[in-house]
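The next block holds one structure in the form of structure tokens; read it before the comments.
Below, chains carry the letters A, B, ... as their sequence lines are ordered, and counting in each starts from 1.
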Number of protein chains: 2
Amino acid sequence: MQTSAHDQYFRSDDHNHARCRREAVATAATLCAQRGARLTPLRRQVLELVWARHAPVLAYDLLDQLRARQRRAAPPTVYRALDFLLEQGLIHRIESMNAYVGCVDPFVEHAGQFLICNRCRSVAELDDAEIGEAVKAQATAAGFQVMRPTVEIRGICSACAR
Amino acid sequence: MQTSAHDQYFRSDDHNHARCRREAVATAATLCAQRGARLTPLRRQVLELVWARHAPVLAYDLLDQLRARQRRAAPPTVYRALDFLLEQGLIHRIESMNAYVGCVDPFVEHAGQFLICNRCRSVAELDDAEIGEAVKAQATAAGFQVMRPTVEIRGICSACAR
DNA sequence: TCATGTTATGTTATATTATAACATTGGAGG
DNA sequence: CCTCCAATGTTATAATATAACATAACATGA
């Protein structure tokens with residue numbers, strides 16, 4: 001399989017995504033166990049659904065999918081599970097899409113920075129120090145105390161630009 | 001009147017905001033005239049309402065205010081005016097709040113970066129080259145073509161932290 | 001001037017996203 | 001087992017946004 005420098009950002013179409021998802025859920029289970037947080041069957045199921053792709057998923061799409069899998073579900077079912085996963089840092093909310101995406105590094109808390117393709121919707125999650133420092137520098141100059149930085153870069157990924 | 005280094009970011013409570021608003025609307029009129037875009041009474045009125053403060057305004061609050069001023073208005077009335085103002089670069093949408101804020105530099109197109117106080121909701125609009133370049137560098141490394149960068153930093157402004 | 005096409009606004013209905021409030025269930029620890 | 005608290009179920013509704021079509025206003029060339 002060929003690789004390129006871009007691969008560390010966006011996943012190729014043919015990467016083993018089942019494995020990504022499996023590992024993400026396993027990691028989540030470990031972290032929750034460590035923290036005494038309960039990754040219930042519902043929450044785990046929602047996490048799996050969010051991990052369907054490296055792309056943001058809408059809350060009501062999750063709702064439809066839960067219902068398709070014979071689970072009684074209403075909007076709060078989904079939003080509460082998402083709230084739990086957000087609190088645990090297992091997913092991120094993409095503000096510019098009202099959507100949710102799995103966190104690729106849930107071990108340490110971080111807001112993340114996202115490159116989001118407008119065509120295929122794929123997301124690359126970054127945690128770039130230079131962006132973070134540039135933001136911090138401006139905040140400091142303004143006497144501003146950062147609580148939650150949102151950095152979402154919309155555009156076209158290399159695969160879609162070809 | 002005392003000033004501090006922070007003033008170039010957030011406006012003090014006692015700045016002459018009526019003047020900010022007047023100038024913003026005058027600038028908008030000039031730009032629209034230059035471009036052959038029509039800043040109709042409705043659009044101008046919405047722009048004035050968005051400029052009520054240096055803080056994001058919700059679409060349905062604008063709707064209520066239009067109605068309070070004896071104008072027949074429905075949601076599309078407001079959203080269409082907002083769309084026009086966004087297209088002309090006269091306002092920005094704050095994705096993390098579903099809200100809209102006046103652009104402090106509408107002469108050149110730019111996405112802007114925002115420091116937003118969670119307490120008083122005041123916004124400081126930046127267009128910092130370092131942030132922009134750090135984002136650009138990551139995008140380039142990922143082979144990603146940036147179309148619309150969203151940078152919204154939520155936190156506490158210096159006035160509210162005191 | 002007025003006929004005409006185009007842009008802007010009015011109007012009604014509905015889609016989409018999210019939360020409030022209260023009832024019920026189920027698990028963990030005493 | 002109890003008991004309590006956390007999790008989920010359930011119903012209703014709030015908040016944000018757009019679709020679709022009707023009417024009005026405006027610009028411009030005949």
Side-chain angles (χ1 to χ4, degrees), chain A residues 28-29 32-50 55-88 90-101 121 150 152, chain B residues 28-29 32-50 55-88 90-101 121 150 152:
Chain A
C32 286
Q34 280 174 14
R35 297 168 181 169
R38 292 174 56 201
L39 187 66
T40 63
L42 172 63
R43 290 163 172 175
R44 175 190 295 261
Q45 198 174 2
V46 170
L47 182 62
E48 281 166 358
L49 292 171
V50 169
V57 179
L58 301 169
Y60 275 73
D61 286 349
L62 293 170
L63 182 54
D64 291 343
Q65 291 169 65
L66 283 179
R67 285 172 165 161
R69 294 170 190 219
Q70 10 270 6
R71 195 179 244 289
R72 298 196 146 277
T77 312
V78 168
Y79 283 103
R80 286 191 289 226
L82 291 171
D83 286 344
F84 170 85
L85 298 170
L86 286 167
E87 273 165 23
Q88 295 298 322
L90 300 170
I91 63 174
H92 295 286
R93 176 175 160 87
I94 303 298
E95 298 290 351
S96 63
M97 300 177 77
N98 298 324
Y100 305 84
V101 69
R121 324 222 106 194
T150 297
E152 300 173 5
Chain B
C32 286
Q34 280 174 13
R35 296 168 182 169
R38 293 175 53 201
L39 187 65
T40 62
L42 173 63
R43 290 163 173 175
R44 175 191 294 261
Q45 197 174 4
V46 170
L47 182 62
E48 281 166 358
L49 291 171
V50 169
V57 179
L58 301 169
Y60 275 74
D61 286 350
L62 293 171
L63 182 55
D64 291 344
Q65 291 169 66
L66 284 179
R67 285 172 167 162
R69 293 169 191 221
Q70 10 270 10
R71 196 179 244 289
R72 297 196 147 276
T77 312
V78 168
Y79 283 104
R80 287 191 289 224
L82 291 171
D83 285 345
F84 170 85
L85 298 170
L86 287 167
E87 273 165 24
Q88 295 298 323
L90 300 171
I91 63 174
H92 294 287
R93 176 174 159 88
I94 302 299
E95 297 290 350
S96 62
M97 301 178 77
N98 298 325
Y100 305 83
V101 68
R121 322 229 106 190
T150 297
E152 300 174 4

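Between the CG atom of A:Asp64 and the P atom of C:dA15 there is a distance of 14 Å, rounded to whole Å. Between B:Asp83 atom CG and D:dT18 atom P the separation is 7 Å, expressed in whole Å. For the pair A:Leu86 CG and C:dT19 P, the computed distance is 11 Å after rounding to whole Å. Atom CG in B:Leu63 sits roughly 11 Å away from atom P in C:dG10 (whole-Å rounding). In this entry the distance linking CG of A:Leu42 with P of C:dG26 reads 14 Å, nearest Å. Atom CD of A:Gln45 is separated from atom C1' of D:dT8 by 13 Å (rounded to the nearest Å). Distance, A:Leu85 CG to D:dT8 P: 10 Å, rounded to whole Å. Atoms OH (B:Tyr100) and C1' (D:dA15) sit 12 Å apart, rounded to a whole Å.
The local environment of CZ in B:Arg72 is sparse, with at most 12 non-hydrogen atoms from other residues, nucleotides or ligands closer than 6.0 Å. Heavy atoms of other residues, nucleotides or ligands lying less than 6.0 angstrom from CZ of B:Arg93 number more than 12.
Taking only side-chain nitrogens and oxygens, A:Asn98 comes nearer than 4.0 Å to OP1 or OP2 of C:dA18. For C:dT7, neither phosphate oxygen OP1 nor OP2 lies less than 4.0 angstrom from any side-chain nitrogen or oxygen of B:Arg38.
Backbone-only contact: B:Arg43 has heavy atoms under 4.0 Å from sugar-phosphate atoms and none from a base. Nucleic acid contact for B:Arg93: sugar-phosphate only, since backbone atoms but no base atoms lie under 4.0 Å from a heavy atom of the residue.
A donor-acceptor contact under 3.5 Å is formed by the side chain of B:Tyr60 with the base of D:dA17. Judged by atom type and distance alone, A:Arg71 does not reach the base of D:dG9 through any side-chain donor-acceptor pair under 3.5 Å.
Comparing D:dT10, C:dT17, D:dT16 by their closest approach to the side chain of A:Leu58 singles out C:dT17. The side chain of A:Pro76 has C:dA20 as its nearest neighbour among D:dT16, C:dT11, C:dA20. Nearest nucleotide to the side chain of B:Arg80, out of C:dT11, C:dT17, D:dT16: C:dT11. Of the candidates D:dT10, C:dG10, C:dA8, D:dT10 carries the atom nearest the A:Thr77 side chain, counting heavy atoms from C-beta on.
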For A:Val46 and A:Thr77, run side-chain contact (heavy atoms from CB on, under 4.5 Å): C-alpha distance rounded to whole Å, both residues' side-chain angles, the deciding distance at 0.1 Å, then the answer. CA-CA 10 Å; A:Val46 170; A:Thr77 312; over 6 Å; no
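Under the stacking criterion of a centre-to-centre distance below 5.5 angstrom and an interplanar angle below 30°, A:Tyr79 is not stacked against the six-membered ring of C:dT19.
The CD atom of B:Gln88 lies 10.5 Å from the CG atom of B:Leu86; values are rounded to the nearest 0.5 Å.
For the pair B:Val101 and B:Val50, the tightest heavy-atom approach, listed with the atom from each and the gap, is C-CG1, 3.7 Å.
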